[in-house]
Amino acid sequence: MRSAVNSLPSTFFDRPAADVARELIGITLLVDGVGGPLVELEAYDRADPASHSFNGPTPRNSAMFGPAGHAYVYRIYGIHWCLNVVCQPGSAVLVRALEPLHGLDKMHERRGAMVERQLCSGPGKLCQALNVTIAHNGLPLDALPFALLATSETHAIASGPRIGITKGVETPWRFVRRGSPFLSKPMR
DNA sequence: AGGATGATTGCCT
DNA sequence: GGCAATCATCCTC
């Protein structure tokens, strides 16, 4: 049984990013109807040396200091897009992986022939599959093309160190649905 | 199975 | 000029 929470209050996001990241596990993210349940997220905050916001606002990270519940999209390594949801000022949750469930045909068009477990198993892959780009930077997640849907299911959640960073490596702010085959990497 | 590499943008020192 | 919240490909073991 599913209940729509398309209008998640900004108070849901205007909290510590680690709390939001944990609670977003299992919530379905759609972009123009394409997406599925979130299975992997990471938290970053203002006091965190691994965070883009650590040294204050810049043109690139300005969305991180904007309204909670809006998107922060940035280009990484000159190639890939990464999608975040803004939480407390200067903090955000990086959307790293989801279970491909809706719009598989569109995902395959964008990602090519690909086993399902690799369609959205990483932040860059997920943005390609859902067609998220800089055009989405700053947009609210409670309005089209975005949608967030909660389920009544509960999930076993595991946490551990974040991926791909060189600072703050011991902060266990990566949250995954335990045992999911759709993660960017197994939790360990 | 695991390590090295190239692609390529934008911010930093 | 260096580096980064990545990924696909091309090695080597």
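The structure presented is a predicted model; accordingly, all values stated were derived computationally and were not measured.
- Scanning DNA chain C 5' to 3' for nucleotides with an atom closer than 4.0 angstrom to a non-hydrogen atom of chain A gives a first and last hit of C:dA4 to C:dA8.
- In the hydrophobic clustering of this structure, A:V86 does not group with A:F12; members are Ile, Leu, Val, Met, Phe, Trp, Tyr whose side-chain heavy atoms approach within less than 4.5 Å, directly or through other members.
- Counting any heavy atom pair closer than 4.0 Å across all strands shown, A:T166 reaches sugar-phosphate atoms only and no base atom.
- Taken residue by residue, residues 47-65 of chain A places heavy atoms nearer than 4.0 Å to DNA chain B at A:T58, A:P59, A:R60.
- Considering only heavy atoms from C-beta on, A:P89 comes within 4.5 Å of A:D14 through its side chain.
- Side-chain contact between A:R111 and A:K125: present, with at least one pair of heavy atoms (C-beta onward) separated by less than 4.5 Å.
- Checking A:L148, A:L149, A:L101 one by one against A:T28, the side-chain contact (heavy atoms from CB on, under 4.5 Å) holds for a single residue, A:L149.
- In this structure the side chain of A:C120 reaches within 4.5 angstrom of the side chain of A:M107, judged on heavy atoms.
- Heavy atoms of A:L94 sit under 4.0 angstrom from at least one base atom.
- Here A:H52 contributes atom NE2 and A:I76 contributes atom CD1; the two are 5.5 Å apart, rounded to the nearest 0.5 Å.
- Residues A:L41 and A:Y72 fall into different hydrophobic clusters, defined by Ile, Leu, Val, Met, Phe, Trp and Tyr side chains chained together at heavy-atom separations under 4.5 Å.
- For DNA chain B, no neighbouring residue in residues 103-131 of chain A is found when judged by any heavy atom under 4.0 Å.
- Under 3.5 Å, the side chains of A:Q128 and A:R110 contain no donor-acceptor pair of N or O atoms.
- Between B:dT13 and C:dA5, the two P atoms lie 14 Å apart (nearest whole Å).
- Taking atom P on both nucleotides, C:dC13 is separated from B:dT5 by 14 Å, rounded to a whole Å.
- Within the 4.0 angstrom heavy-atom criterion, only backbone atoms of the sugar-phosphate kind lie near A:I163; the bases stay farther away.
- At least one cation-pi condition fails for A:R177 and A:F182: the charged atom is not both under 6.0 angstrom from the six-membered ring centre and inside a 45 degree cone around its axis.
- Nucleotide C:dT6 forms a Watson-Crick or G-U wobble pair with B:dA7, both donor-acceptor distances falling under 3.5 Å.
- Remark: A:N61 CG to A:N55 CG distance equals 9.0 Å, nearest 0.5 Å.
- Taking every nucleotide of DNA chain B with any atom under 4.0 Å from a non-hydrogen atom of chain A, the first and last of them, 5' to 3', are B:dA7 to B:dC12.
- Of the candidates A:L83, A:V95, A:T133, A:C127 forms a side-chain contact (heavy atoms from CB on, under 4.5 Å) with just one, namely A:L83.
- Sorted by first then second residue, the salt bridge (Lys or Arg N to Asp or Glu O under 4.0 Å) pairs that include residues 22-42 of chain A, not counting sequence neighbours, are A:R15-A:E23, A:E40-A:R96, A:E40-A:R174, A:E42-A:R96.
- The ring pair (Phe, Tyr, Trp, His ring centres under 6.0 Å) check on A:H155 picks up nothing, with sequence neighbours excluded.
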